[in-house]
> 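The structure under discussion is supplied below as structure tokens; questions concerning it will follow.
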Amino acid sequence: MNRRTVLAIAAGTALLLSGCTGTGGTSKGAEAKAPDDPSKVTGTIKVLTQRTDLVQDGTMKKYAAAFNKTYPKVKVEFEALTNYEADVKIRMNTKDYGDVLLIPAVIKKNDYPKFFASLGTQAERSKKYRFTDFTTVDGKVYGQSPIGVTPGFVYNKKVWQQAGVTKWPTTPAEFLADLKAIKSRTDATPYYTNFAAQWPLTSWTYVNGSVNCDTQATTKLAEGDPWAKGTDLRVGDTLLYDIVHQGLVEKDPATTNWELSKPQLAKGRIATEWLGTWAIIQFQDAARKAGVSPDDIGFMPFPAQVGGKFCAVVAPDYNQAVNVNSQHKAAARAWIDWFTDKSGYDKDNLAISPLKDAPLPSVLKPYEDEGVKFIEVNDAKGAQVKEVDNQSEVGIYKPDYRQDLVDLARGARKGSLDGFLADLGKKWTEAQKTVGS
């Protein structure tokens with residue numbers, strides 16, 4: 001299973017679990033400066049990662065070996081954590097949480113200086129890198145993501161073509177009509193909810209910004225009702241409801257299997273899943289293992305246009321940071337800089353580079369051809385959204401409410417869609433008053 005991007009975007013834009021209350025660092029305000037002379041950087045650093053797969057198959061060791069060609073006196077050790085968020089949350093009540101780590105979603109943005117060393121000012125770093133505002137506190141940047149991601153539908157091109165669909169739908173109504181064509185003209189399940197895995201359902205929150213092509217989408221979450229008429233989340237949640245309510249999904253959502261869905265989509269037994277660019281390489285790999293063409297795996301934006309153009313929000317994956325307590329900050333900073341700029345990790349994962357001047361990955365060429373507009377959502381109110389979400393107990397970055405939405409749509413829960421969304425909006429706006437938004 002790979003849930004890294006679901007959690008990662010949440011770390012940038014909004015997941016708040018119960019707070020981490022340990023003492024954290026004792027060097028608040030410390031800076032991990034970029035080293036001038038690689039030959040003088042020394043020390044052994046521990047890098048915490050959620051990529052258990054890349055540690056187990058030796059890929060991370062290969063990255064370290066390449067890193068050592070530039071920094072020969074630094075030894076890099078990796079610790080892969082299967083339950084990354086929970087494990088690191090506990091460790092951050094001490095000073096021992098690696099030298100380099102991925103910023104957990106549990107940490108409040110305003111607390112970053114307690115736990116992480118600054119990488120420099122946003123004014124300077126934003127000239128070269130994307131996503132700097134996601135980890136900026138008081139003008140200083142505390143983390144950097146090595147890749148960017150954008151949400152979208154992973155789909156089987158052959159199945160959609162067999163159904164007679166050759167162009168991306170531009171409205172939710174067109175999308176539903178296309179799924180109906182798939183159901184009537186092919187043997188494929190039109191849409192797969194991944195209900196049982198739970199975490200993929202949180203991906204639906206990332207329609208936010210794309211529907212109305214709005215760079216202030218996060219600010220509007222902090223200040224308004226996310227489910228008011230015409231809002232991005234209402235449009236997205238309504239589409240999910242309609243897909244399920246109209247019988248365009250698997251027979252029993254409770255029995256879905258995330259891992260098995262990859263070869264099933266590759267073989268054409270499933271037509272469509274809402275995930276993100278991070279998933280493309282996994283589905284292509286599944287296609288190769290299944291003996292079918294990875295070229296059958298397509299990726300399309302949410303069915304909404306502004307001014308005749310699709311919009312796609314680009315957001316960071318997990319942000320790497322330097323432990324403020326690290327005894328080898330120069331070496332830790334060197335790893336983050338090298339891994340972001342030189343490792344090729346973005347290309348290996350068919351991901352969007354955090355470097356502003358880098359080209360888009362080849363898998364997004366169809367987006368370029370169609371003139372899809374890529375936007376970055378302002379995260380200035382990201383910390384406030386976390387607080388409102390936590391106080392409201394809605395959980396827009398948790399699976400529970402969308403599981404309830406799916407149950408409502410399939411008749412396993414009583415009520416109406418309007419009533420359901422109105423209740424969410426009421427809880428949210430009441431919480432805004434409590435946290436002073």
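Because only heavy atoms are used, hydrogens play no part in the values below, and waters and symmetry mates are left out as well, while side chains stay in.
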> Does atom NZ (Lys356) have a neighbourhood of more than 12 heavy atoms from anything else shown, all under 6.0 Å?
yes
> Would you say that Phe374 contacts Leu360 through its side chain, given a criterion of any heavy-atom pair below 4.5 Å between the two side chains?
yes
> Would you please indicate if the ring centroids of Trp335 and Phe78 are separated by under 6.0 Å?
yes
> Cut-off 3.5 Å, side chains only: do Arg402 and Thr205 have a donor facing an acceptor?
yes
> Report yes or no: do Thr193 and Glu250 form a side-chain donor-acceptor pair below 3.5 Å?
yes
> Is it the case that more than 12 heavy atoms not belonging to Arg269 sit under 6.0 Å from its CZ atom?
no
> Does a side-chain N-to-carboxylate-O contact under 4.0 Å join Glu79 and Arg91?
yes
> Looking at Asp337 and Arg333, is there a salt bridge between them, counting it only when a charged N and a carboxylate O are closer than 4.0 Å?
yes
> Taking 4.0 angstrom as the limit, do Lys108 and Asp111 come out as a salt bridge?
no
> Do Phe175 and Phe153 make the cut of ring centroids closer than 6.0 angstrom?
yes
> Show your working on salt bridge (Lys or Arg N to Asp or Glu O under 4.0 Å) between Asp418 and Arg234 and close with a plain yes or no.
CA-CA 10 Å; Asp418 286 343; Arg234 187 181 185 95; 2.9 Å; yes
> Looking only at heavy atoms, what is the nearest atom pair of Thr189 and Val249, with distance?
CG2-C, 3.7 Å
> Can you confirm whether Gln320 sits close enough to Leu102 that some side-chain heavy atom of one is under 4.5 Å from a side-chain heavy atom of the other?
yes
> Should we count CG of Asp252 as having more than 12 external heavy atoms under 6.0 Å?
yes
> Taking Thr135 for the side chain and Gly143 for the main chain, is one N or O donor matched with an acceptor at less than 3.5 Å?
yes
> Compute the centroid of each ring, for Phe310 and then for Tyr367, and state whether the two points are separated by less than 6.0 Å.
no
> Can you tell me if Glu393 has over 12 outside heavy atoms packed within less than 6.0 Å of its CD?
no
> How far apart are the closest heavy atoms of Lys386 and Ile107, and which atoms are they?
NZ-O, 3.2 Å
> Measure the spacing between OG of Ser145 and CZ of Arg130 and express it to the nearest 0.5 Å.
11.0 Å
> Can you tell me if Thr52 and Gln56 form a side-chain donor-acceptor pair at under 3.5 Å?
no
> Decide, yes or no, whether a salt bridge links Lys427 with Asp389 under the criterion of side-chain N to carboxylate O below 4.0 Å.
no
> Just checking Lys157: does its NZ atom have more than 12 heavy atoms from other residues, nucleotides or ligands closer to it than 6.0 angstrom?
yes
> Return yes if some donor-acceptor pair links the side-chain N/O of Tyr192 with the main-chain N/O of Asn257 below 3.5 Å, else return no.
yes
> Salt bridge (Lys or Arg N to Asp or Glu O under 4.0 Å) between Asp232 and Lys220: does it pass, once the steps are laid out?
CA-CA 10 Å; Asp232 289 22; Lys220 290 180 179 178; over 6 Å; no
> How about Ile336 and Val100: do any of their side-chain heavy atoms sit closer than 4.5 Å?
yes
> Using atom types as modelled and distance alone, determine if a side-chain donor or acceptor of Tyr318 lies under 3.5 Å from a backbone N or O of Gln50.
no
> Quiz question: by atom type and distance under 3.5 Å, do the side chains of Asn319 and Tyr142 form a donor-acceptor pair?
no
> Would you find a donor on one side and an acceptor on the other, under 3.5 Å apart, between the side chain of Thr256 and the backbone of Pro253?
yes
> With a 3.5 Å distance limit and no angle check, can you tell me whether Thr272 reaches the backbone of Pro190 through a side-chain donor-acceptor pair?
yes
> Taking the side chain from Asn378 and the backbone from Thr218, do they hold a donor-acceptor pair closer than 3.5 Å?
no
> Considering only heavy atoms from C-beta outward, does the side chain of Phe131 approach that of Val314 to under 4.5 Å?
yes
> How close do Val313 and Thr150 get, heavy atom to heavy atom, and via which atoms?
O-OG1, 2.7 Å
> Step by step, would you call Phe302 with Trp204 a side chain to side chain contact (heavy atoms under 4.5 Å, CB included)?
CA-CA 10 Å; Phe302 188 84; Trp204 281 90; 4.0 Å; yes
> Can you tell me how far CZ of Arg125 sits from OG1 of Thr132, rounded to the nearest 0.5 angstrom?
8.0 Å
> Any Lys/Arg nitrogen of Glu430 or Lys433 sitting under 4.0 Å from an Asp/Glu carboxylate oxygen of the other?
yes
> Over all heavy atoms of both residues, which pair between Thr170 and Glu174 is shortest? Give the atoms and the distance, please.
N-OE1, 2.8 Å
> What is the distance from atom CD1 of Ile396 to atom NZ of Lys398, rounded to the nearest 0.5 Å?
11.0 Å
> I need the Leu275 CG to Phe299 CZ distance, nearest 0.5 Å.
8.0 Å
> Between Val74 and Trp338, is the side chain to side chain contact (heavy atoms under 4.5 Å, CB included) condition met? List the steps.
CA-CA 12 Å; Val74 178; Trp338 179 88; over 6 Å; no
> Nearest 0.5 Å please: distance from the CG atom of Leu201 over to the OH atom of Tyr401.
10.0 Å
> Should Pro361 and Ile352 count as side-chain neighbours, where that means a heavy-atom distance under 4.5 Å?
yes
> When you check the gap from the basic side-chain N to the acidic O, do Arg410 and Asp407 get nearer than 4.0 Å?
yes
> Taking Gln432 for its side chain and Ala222 for its backbone only, find out whether a donor-acceptor pair lies under 3.5 Å.
yes
> Check the side chains of Trp278 and Asp317 for a donor-acceptor pair under 3.5 angstrom, ignoring hydrogens and angles.
no
> Let's go through Val141 and Thr136 carefully: what are the C-alpha distance in whole Å and the side-chain angles of both, what is the deciding distance for side chain to side chain contact (heavy atoms under 4.5 Å, CB included) to 0.1 Å, and is it a yes or a no?
CA-CA 4 Å; Val141 178; Thr136 295; 3.5 Å; yes
> Counting C-beta onward and ignoring hydrogens, is there a side-chain heavy-atom pair between Leu417 and Thr238 closer than 4.5 Å?
yes
> Between Ser326 and Asn323, is there a donor-acceptor pair closer than 3.5 Å when you use the side chain of the first and the backbone of the second?
no
> Atom CD1 of Ile280 and atom CD1 of Ile297: how far apart are they, to the nearest 0.5 Å?
9.5 Å
> Does the plane of the ring in Trp258 sit parallel, tilted or perpendicular to the ring in Phe283? Use 30° and 60° as the thresholds.
perpendicular
> Closer than 3.5 angstrom, by distance alone: can the side chain of Thr231 be matched with the main-chain N or O of Pro226 as a donor-acceptor pair?
yes
> Looking at every heavy atom in both Val88 and Leu48, which two are closest together, and how far apart are they?
CG2-CD1, 4.3 Å
> Taking C-beta and beyond as the side chain, do Pro316 and Tyr129 meet within less than 4.5 Å on heavy atoms?
no
> Side-chain contact, heavy-atom cut-off 4.5 Å: Cys213 with Lys373?
yes
> Taking Val394's backbone N and O only, do any of them form a donor-acceptor pair with Trp428's side chain (distance below 3.5 Å, no angle check)?
no
> Between Lys289 and Asp285, is there a side-chain N and carboxylate O pair less than 4.0 Å apart?
no
> Between Trp168 and Tyr155, do the side chains contain an N or O donor and an N or O acceptor separated by less than 3.5 Å?
yes
> Can you give me the closest heavy-atom contact between Asn156 and Ile270, atom names plus distance?
CB-O, 4.1 Å
> Side chains of Asp57 and Thr59: any donor to acceptor distance under 3.5 Å?
yes
